[in-house]
Amino acid sequence: MSEKQIQDALREIARGTAEIIDEARITTLLKAYFEKGETYTVKAGFDPTAPDLHLGHTVLLQKLAAFQKYGAHIQFLIGDFTAQIGDPTGKSETRKKLLPAQIEENAQSYKTQVFKILDPEKTTVVFNADWINPLGATGMLELTTTFNVARMLERDDFDKRHKAGISISISEFLYPLLQGYDSVHLKSDIEIGGTDQKFNLLMGRHLQRAYQVGKEQAILMMPILEGLDGVQKMSKSLGNYIAVADEPNEMYGKILSISDTLMWRYYELLSTLSLSEIEALKAGVADGSLHPKKVKEALAIEITARFHTTAEAVSAGEEFQRVHAQSEIPTEMDEYSFEGAIWIAKVLVDCLLSPSTSQARRDIKQGSVKINQDKVDDEQLQLQTGEYVVQIGKRKFARIKVS
RNA sequence: GGUGAGAUACUCAAGUGGCCAACGAGGGCAGACUGUAAAUCUGCUGAUUUUUAUCUUCGAAGGUUCGAAUCCUUCUCUCACCA
């Protein structure tokens, strides 16, 4: 009986993972849970500087939620100390220290988003500055004696940068050590992260051994979700992300704009459909019985509904159909008021549709600017009193009133 | 500490006194075609109502010159070799 439960739980936990290290230990933990009701801890770390969660994060969060169903207590770690190190690729700006108030604010923002997926009863939010700062110079020195440079350079991105002659700061060597030390302090049983985190995750095991914690964390790695471009990983800084907090219309639209190839990737990593159901969809598209756009719409509905409501997702779908398939204007858009006749380029900038007057002029020249659905030809056009809907391209709209 | 090489726009990368707001590629934006998919073709991609013009930009600050991304000086940073 319990044997089957363990197997089922393990299967759900393993679904979609890229790699699991020490699966035997996970089995042991599950066994202890089912037989004796013992809980265990699962750690996952997040960056406090970017509290905007996106779908890439939710791949991990959903996995954490799966663990919660089977006795896990989540250690939701906000890396406020390690964020100071960051990943400075040479000349990128030096990380500025976040103010405590700012960290607190970001943490709150995290919580409201995260608890859409995680069970707050089985989650503890922790900050690693709380135990790394007290380490002091002595503790830090001790930490560095547990590892050597040659092994540090085994890490793939260090290795590449080293060979390519790109500088690596000493502080960056500290990053994996500190992340690993988090696992020592928290005595984590399992840590999960993206495949790009493999080295850091393994460091947790290494350090738990070095500091004689009495256990070595199992590791579960999730594949990296590609962003909207389909090539690079989804990240806020690359701007290719779908945020958890995105409005229904925006979320729906972004999903529909991904390529057909990428759509299957999103299905595998984000959808709750079983793998065999996804295979069936693929087969349907391949033999022409299913239109790929229909399949993409279903995905957009599923994901939008997860972070909003089904009703909102459906109406986002209808709105999308209206605006894009029938080229009508959206029902809702930002509104602006102006006094007196005003130059069209100025309007575009003031409505935040365009970043600069120059760009606005170029857009007009190219014929991508429309007023009330009519193309604007005159670059010098002055808008007189009245109400208009202005747009650039197919996505940017604003309603304006000139009085 | 010494020697040598280098720092150009979002990224890579040409340019070594005027023809440079700076070749080219990628990326991005827009137009055509579509399913806001892919592929393809085209235009744009520092700012500014002086728009066949003006202003600011080539690591930073000075200097030479009628004129500098290009030459000189100092500084900052990166890489390689030597110690």
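Throughout, protein chains are lettered first and strands after them, A, B, ... in sequence-line order, and every chain is numbered starting at 1. These values consider heavy atoms only, across backbone and side chains, with no hydrogens, waters or symmetry-generated copies.
Closest contact between the side chain of A/P292 and the listed nucleotides B/U49, B/G35, B/G43 involves B/G35. Among the nucleotides B/A37, B/A30, B/U78, the one closest to any side-chain atom of A/S368 is B/A30. Nearest nucleotide to the A/S358 side chain, out of B/A47, B/A30, B/U36: B/A47. Checking B/U45, B/A37, B/U49 against every side-chain atom of A/W343, the shortest atom distance belongs to B/U49. Side-chain proximity of A/S167 to the nucleotides B/G35, B/U36, B/U78 is greatest for B/U78.
A salt bridge does not link A/K160 to A/D157: none of the charged nitrogens lies less than 4.0 Å from a carboxylate oxygen.
In this model, the phosphate group of B/A47 is approached by a side-chain N or O of A/S356 to a distance below 4.0 Å at OP1 or OP2. For the OP1/OP2 pair of B/A47 and a distance below 4.0 Å, the side-chain nitrogens and oxygens of A/R362 include at least one atom meeting the criterion.
Between A/Y40 and A/F67, the ring planes are perpendicular. Angles over 60° get that label, and only those under 30° would be called parallel.
Comparing B/C77 with B/G27, their C1' atoms are spaced 27 Å from each other, to the whole Å. Taking the P atoms as reference points, B/A30 lies 29 Å from B/A21, given to the whole Å. A distance of about 22 Å separates the P atoms of B/A5 and B/A9, rounded to the whole Å. Nucleotides B/G46 and B/C29 place their C1' atoms 15 Å apart, quoted to the nearest Å. If you take atom P in B/C71 and the same atom in B/G18, they sit 11 Å apart, rounded to whole Å. Here the separation of B/A25 from B/A14, taken at their P atoms, is 15 Å to the nearest Å. For the C1' atoms, the distance linking B/C72 with B/U78 amounts to 23 Å, nearest Å. Across the P atoms, B/A47 and B/A22 are found 13 Å apart, a figure rounded to whole Å.
Here the side chain of A/E319 pairs a donor or acceptor atom with the backbone of A/T331 at under 3.5 angstrom.
In this structure, the NE2 atom of A/H291 is 10 Å from the C1' atom of B/U34, given to the nearest Å. Per the geometry, CG belonging to A/L228 stands 16 Å off C1' belonging to B/A38, to the nearest Å. Taking atom CD of A/Q359 as the reference point, atom P of B/G46 lies 9 Å away to the nearest angstrom. Between A/K293 atom NZ and B/U36 atom C1' there is a gap of 8 Å when expressed in whole angstrom units. Residue A/R361 contributes atom CZ, which lies 14 Å from atom P of B/A53 at whole-angstrom precision. Computed from coordinates, the A/D229 CG to B/U11 P distance equals 17 Å when rounded to whole Å. One interatomic measurement links the two molecules: NZ of A/K375 to C1' of B/A30, which rounds to 12 Å at whole-angstrom precision. Distance A/N240 CG to B/G28 P: 10 Å, rounded to the nearest Å.
A/D334 is not listed as a side-chain neighbour of A/C351, based on a closest heavy-atom distance of 4.5 Å or more. Between A/M221 and A/Q197 there is no side-chain heavy-atom pair separated by less than 4.5 Å.
Summary of the strand contacts: A/Y252 and A/D363 both lie near RNA chain B, and taking for each the nucleotide with the nearest heavy atom, the more 5' one is attributed to A/D363. Along RNA chain B, the nucleotide nearest to A/Q380 and the one nearest to A/Q366 differ in position, and the one closer to the 5' end is contacted by A/Q366.
Here A/I258 lies in heavy-atom contact (under 4.0 Å) with sugar-phosphate atoms only. Using a 4.0 Å heavy-atom cutoff across all strands shown, A/Q382 reaches at least one base atom of the nucleic acid. Among the protein residues, A/K296 comes within range of the nucleic acid bases, having at least one heavy atom under 4.0 Å from a base atom. Nucleic acid contact class of A/G239 (heavy atoms, under 4.0 Å, all strands): none. A/T357 comes within contact range of the sugar-phosphate backbone alone, with a heavy-atom separation under 4.0 Å but no base atom that close.
The only option from A/K198, A/R205, A/K43 that meets the salt bridge (charged side-chain N to carboxylate O under 4.0 Å, His left out) definition with A/E191 turns out to be A/K43.
B/C19 is unpaired under the Watson-Crick or G-U wobble criterion, no partner having all donor-acceptor distances under 3.5 Å. Shown here, B/U48 forms a base pair with B/A53; the pair counts as Watson-Crick or G-U wobble because both key distances fall under 3.5 Å. Figure legend. B/C77 is base-paired to B/G6; pairs are counted as Watson-Crick or G-U wobble with both atom distances under 3.5 Å. Across all strands shown, B/C12 pairs with B/G24; the Watson-Crick or G-U wobble distances both stay below 3.5 Å. Base pairing annotation: B/A37 forms no Watson-Crick or G-U wobble pair, as no partner gives both donor-acceptor distances under 3.5 Å. The pairing partner recorded for B/U64 is none, the criterion being a Watson-Crick or G-U wobble arrangement whose two distances lie under 3.5 angstrom. Base pairing annotation: B/A30 forms a Watson-Crick or G-U wobble pair with B/U42, both donor-acceptor distances under 3.5 Å.
A centroid separation of 6.0 Å or more is found between the aromatic rings of A/F158 and A/H162.
Rounding to the nearest 0.5 Å places CZ of A/F397 at 11.0 Å from CD1 of A/I392.
No donor-acceptor contact under 3.5 Å links the side chain of A/K346 to the base of B/U48.
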